[in-house]
Amino acid sequence: AKNRLNKFYNPKLFKAAPKQEFSEEERVFVNNGGTPPPTEAPGGIADTGVAVLAQVRMHNQLNTAAAPAPPPDTWGAYQKKDENSNGVISMIDLLIKDLEKEMTEAKTGENEAESDYQAMMGEAAAKRT
């Protein structure tokens with residue numbers, strides 16, 4: 001779903017689905033109104049297909065005493081953001097995190113309630129005997 005949102009809100013991050021090569025049977029099935037077989041998930045880090053995140057940094061030992069460039073004097077004129085807005089996508093991420101937190105809280109509460117119920121039933125059984 002986030003990839004489809006990226007298609008509209010942030011086209012630079014959109015990844016088109018790979019074209020599938022169908023067998024003759026599948027091609028006939030799809031041409032007659034059937035649904036194509038599902039594609040495999042990309043996997044990797046955050047479903048990007050990237051399996052390893054490696055950071056590489058080049059050491060420049062010759063120019064270690066060079067001072068960095070001075071900061072800019074002003075910020076310049078206002079420029080409207082292009083298609084780099086990801087507010088909708090970040091809201092969906094926030095909703096997902098909130099839902100996961102609520103599910104965890106509900107599961108914990110249910111486990112505590114179950115243990116309280118079992119303790120109460122054990123005490124009631126002890127009182128009856």
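Because the structure is a prediction, the values reported are computed rather than measured. The chain is numbered in sequence order, starting from 1.
Residues Glu26 and Glu21 approach most closely at OE1-O, 4.5 Å, considering heavy atoms. Nearest heavy-atom pair, Arg27 versus Phe22, reported as atom, atom and distance to 0.1 Å: NH2-O, 3.3 Å.
With values rounded to the nearest 0.5 angstrom, Lys107 atom NZ is found 8.0 Å from Thr104 atom OG1. Note that the CG atom of Leu94 and the CD1 atom of Ile89 stand 14.0 Å from one another [nearest 0.5 Å].
There is no path of hydrophobic side-chain contacts, each under 4.5 Å, that joins Phe14 to Val88.
Considering only heavy atoms from C-beta on, Glu114 stays 4.5 Å or farther from Tyr117 through its side chain. Contact of the Leu95 side chain with the Met91 side chain is not registered, since no non-hydrogen atoms from C-beta on lie closer than 4.5 Å.
Within 6.0 Å of CE in Met103 there are 12 or fewer heavy atoms belonging to other residues, nucleotides or ligands.
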